[in-house]
Protein chains: 2
Amino acid sequence: MLLPTQPAAWQGKENRQSAPPERQDSFRTSNDRATLSDIATLAGLSTSTVSRVVNGSRCTSPTARARVQQAVAELGYMPNVLARQLRSSRTKTLALVLIDIANPFFTGIARGVEDAARAQGYTVMFCNTDESVDEEMGYLRGLIQRRVDGVLLVPAVNSRGSLELLQQHGVPVVVLDRRLGSGQVDQVRADSEGGAYLAVRHLIELGHRRIAILAGPESLSTSVDRVDGYKRALAEASIGARSQQILFGEYTEGSGYEMTSRILAAPSRPTAIFAGNNSIALGALQALRDSGIHYADDMSIVVFDDLPQGGSLPFLTAVSQPAYEIGKLAAYMLIERLATEEPLEPRVIVLPSSLIVRRSSAPPRLTSSAGPRSAKAIAGPARTHRDPNGLHPSPGLLANLRPCPTGSTLTKASPVAGTGSLKLP
Amino acid sequence: MLLPTQPAAWQGKENRQSAPPERQDSFRTSNDRATLSDIATLAGLSTSTVSRVVNGSRCTSPTARARVQQAVAELGYMPNVLARQLRSSRTKTLALVLIDIANPFFTGIARGVEDAARAQGYTVMFCNTDESVDEEMGYLRGLIQRRVDGVLLVPAVNSRGSLELLQQHGVPVVVLDRRLGSGQVDQVRADSEGGAYLAVRHLIELGHRRIAILAGPESLSTSVDRVDGYKRALAEASIGARSQQILFGEYTEGSGYEMTSRILAAPSRPTAIFAGNNSIALGALQALRDSGIHYADDMSIVVFDDLPQGGSLPFLTAVSQPAYEIGKLAAYMLIERLATEEPLEPRVIVLPSSLIVRRSSAPPRLTSSAGPRSAKAIAGPARTHRDPNGLHPSPGLLANLRPCPTGSTLTKASPVAGTGSLKLP
DNA sequence: CTGTTAGCGCATTCAA
DNA sequence: TTGAATGCGCTAACAG
């Protein structure tokens with residue numbers, strides 16, 4: 001996950017066996033590692049030449065190449081990346097600083113970042129902040145000291161000085177997932193507003209009128225945007241503002257549990273819950289269980305963020321974000337910026353989210369409102385995708401745990417903004 | 001998760017605001033980062049002195065210290081870790097190379113490693129091999145080139161040259177979780193044999209006679225050891241070898257699914273399954289579902305490796321390994337070895353596993369064998385822990401998803417071997 | 001195509 | 001207590 005194989009040209013399988021194992025070269029004590037000049041003397045060449053063939057620079061004769069390779073193999077030479085980096089003042093290293101890599105959404109981002117980076121010969125370091133600004137700052141400082149070439153940042157909740165610190169030290173940044181700062185930074189994220197709109201409209205189309213949204217921290221752009229989408233969907237359906245039920249909390253299981261409990265205790269209980277992210281959903285599900293409330297039947301639930309469909313929760317209707325693409329795109333943007341000389345305008349890319357309908361959302365059981373809307377409305381411009389596994393009838397215990405194929409076709413939730421001319425592989 | 005805050009002495013909050021923001025020092029172009037000599041000239045001192053105060057070496061006058069700190073703050077100086085490492089030929093960096101950090105067991109190890117390392121001022125790099133020896137080798141090479149001080153290795157399935165490569169380059173190693181090599185390495189792992197024995201004995205005590213074990217690769221020590229524990233428990237209960245049902249596969253969900261399907265299709269179906277690890281268990285559960293077989297009622301299932309009890313699978317009876325401790329101990333061993341000069345004997349530490357009984361294991365429904373053994377046997381020397389949440393009656397759908405407290409008390413499954421005199425905090 | 005010469009930024013001798 | 005000098009291992013001008 002962290003260090004890609006060094007793509008150096010000389011890196012054929014080291015045929016160490018070609019050298020007599022007991023050989024103890026006079027200029028190499030047992031544990032001292034061979035250096036460039038070691039192999040230079042062994043090969044009877046200068047360090048520059050050796051350096052050239054090791055780095056695959058052209059301008060080397062076949063004979064020189066052969067002798068160097070021979071010496072490299074013989075001594076088991078491994079270039080000292082530190083020295084190389086110090087000299088060239090480029091580390092070919094990126095950092096991804098994020099909230100919680102255990103969260104599937106961020107894991108997806110991380111994969112995208114690593115794949116893109118590795119494809120360009122970059123190594124990436126992953127740093128978990130656990131939503132702590134102090135951790136974030138600490139990591140950032142460490143990364144600057146390590147002279148990473150650039151940083152991909154998913155800022156923690158009240159992150160403030162981070163961008164300034166980075167820019168102060170001339171470290172290029174791309175901000176992921178969450179809006180940050182005055183806009184003078186490259187950014188990549190999914191469309192929170194549009195995704196939330198889709199989700200809530202879906203619930204409305206099922207006949208729900210009292211829908212609660214369990215959002216994250218009010219100070220986070222994703223929370224605000226998702227609430228905006230929620231509001232838009234309600235407004236569009238002429239559902240009065242007094243029917244709104246908006247709770248701000250944290251993006252944690254505990255907070256989801258707590259918010260759900262509050263909702264269930266309140267007088268006018270909603271018929272559907274829109275969870276602001278996957279952790280909140282997990283907590284919400286637990287709260288429902290503990291109250292003996294069945295999802296779908298008694299309470300519809302839709303999640304922002306899809307969950308891994310492997311073994312446990314394959315029944316949740318969810319807004320899916322293109323996590324992998326976010327990471328990949330962000331890495332490419334960053335690397336591109338590293339390649340050029342400063343003249344790029346800050347770019348903001350918003351990728352479409354989409355809705356995957358499964359079994360956790362159903363028409364409300366006993367509602368005073370009208371039933372589901374016309375089929376036309378459902379089949380209309382709603383950019384949703386109905387998961388075949390969501391359609392299995394009579395969801396018994398076992399059926400509930402049935403796996404669901406991952407290859408869900410995603411549909412656009414909103415237009416892409418400002419994609420610019422990023423060159424992808 | 002990756003880069004701990006640098007614990008450098010000089011690292012007070014940078015009071016950059018104390019310097020006039022528009023100040024453009026003549027010796028610093030905008031983006032060039034300040035160096036030691038920059039702050040030396042600014043402070044009117046030599047680089048040596050500056051280096052000393054920055055590194056907290058004693059032998060510095062208060063006045064010098066003050067002036068340096070002032071200059072550091074003014075210039076926003078960040079030491080160049082690369083140069084520092086190159087010079088001192090110590091990176092203060094460890095690497096944890098493992099199979100799959102998404103697996104909760106390894107995540108636990110990773111946390112232990114990081115905490116221990118950070119406590120000692122070390123940074124740790126995480127590398128995922130996905131059970132690929134090529135990836136493993138690639139990472140190892142990269143790490144050697146980066147001159148990490150030491151490596152913590154969870155070797156991939158048929159890992160072979162890794163140890164040699166590392167030792168060839170004089171990089172200290174500790175092998176985690178899986179036995180490897182001729183034994184001339186430090187190793188830390190949990191007691192697989194003992195844990196498996198406990199699990200299977202538990203099933204036998206419940207009355208099971210036909211128990212299948214779904215093991216990992218036959219070439220892996222953990223698989224072999226767990227099968228050994230399985231055999232011992234059966235033998236102890238005088239259950240004939242012909243009743244054994246041993247399947248070797250992979251530590252993956254897919255393999256678990258496949259092995260379970262095979263078992264279900266076979267003539268004499270077992271009444272209980274012992275899954276060799278958590279991934280296999282996940283696959284087994286899916287296979288059971290797809291065959292309409294209820295766990296516990298129709299088929300008991302016990303897992304090696306506990307799963308995160310957060311939201312999804314709080315009902316599995318499991319063998320719990322002290323993952324965090326494994327990581328922590330391993331890191332301490334490694335760091336200790338780095339501190340001393342080579343004279344340490346290789347040490348092997350085997351930590352006890354324990355059994356946590358929950359609801360997925362129950363007496364067989366219709367068995368020709370005798371019922372459960374006497375209460376005495378159950379309450380006897382079995383070092384198991386009964387999870388209170390495992391006792392809830394009538395596991396309906398919702399109850400099945402009920403959360404379970406994480407604070408399970410672990411009980412020893414086997415004695416600790418060769419702990420030696422490791423100094424822990 | 002190759003060798004010589006200079007540092008990258010820092011820690012660390014050795015003198016003062 | 002401080003400063004001057006040296007080199008960690010490597011790349012990048014330059015000349016040849």
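In what follows, chains carry the letters A, B, and so on, assigned in the order in which the sequence lines appear, proteins first and then strands, with residues in each chain numbered from 1.
Listed by chain and number, the residues in a side chain to side chain contact (heavy atoms under 4.5 Å, CB included) with B/Ile99 are B/Phe106, B/Thr129, B/Glu131, B/Val154, B/Ala156, B/Arg178 (sequence neighbours excluded). Under the side chain to side chain contact (heavy atoms under 4.5 Å, CB included) criterion, A/Ser46 pairs with A/Ser48, A/Thr49, not counting sequence neighbours. Residues passing the side-chain hydrogen bond (donor to acceptor under 3.5 Å, both in side chains) test with B/Ser57: none are found, sequence neighbours excluded. Every residue meeting the side-chain hydrogen bond (donor to acceptor under 3.5 Å, both in side chains) condition with A/Glu136, not counting sequence neighbours, appears here in chain and number order: A/Ser159, A/Ser162. The side-chain hydrogen bond (donor to acceptor under 3.5 Å, both in side chains) search around A/Ser132 returns none, not counting sequence neighbours. Annotation: side-chain hydrogen bond (donor to acceptor under 3.5 Å, both in side chains) contacts of B/Thr60 (sequence neighbours excluded): B/Arg65. Residues forming a side chain to side chain contact (heavy atoms under 4.5 Å, CB included) with A/Ser89 (at least two apart in sequence, or on another chain): none. Every residue two or more places apart in sequence or in another chain that forms a side chain to side chain contact (heavy atoms under 4.5 Å, CB included) with B/Arg147 is listed here: A/Arg33, A/Met78, A/Asn80, B/Thr91, B/Ile144.
If one axis is set at each end of the helix from C/dC1-D/dG16 to C/dA16-D/dT1 from five pairs, those axes are 30° apart, to 10°.
Side chain of A/Asp149 to backbone of A/Lys92: a donor-acceptor contact under 3.5 angstrom is found. A donor-acceptor distance shorter than 3.5 angstrom exists from the side chain of A/Thr35 to the backbone of A/Asp38, with no hydrogens or angles considered.
If you check every strand for non-hydrogen atoms under 4.0 Å, B/Thr60 touches sugar and phosphate atoms only.
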- Query: Which parts of nucleotides 8-16 of chain D does protein reach within less than 4.0 Å, heavy atoms only, written one letter per nucleotide 5' to 3' as B for base, S for sugar-phosphate only and - for none?
  - Reply: BBBBBB---
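Extent of DNA chain C lying under 4.0 Å from chain A heavy atoms, first and last nucleotide in 5' to 3' order, is C/dC1 to C/dG9.
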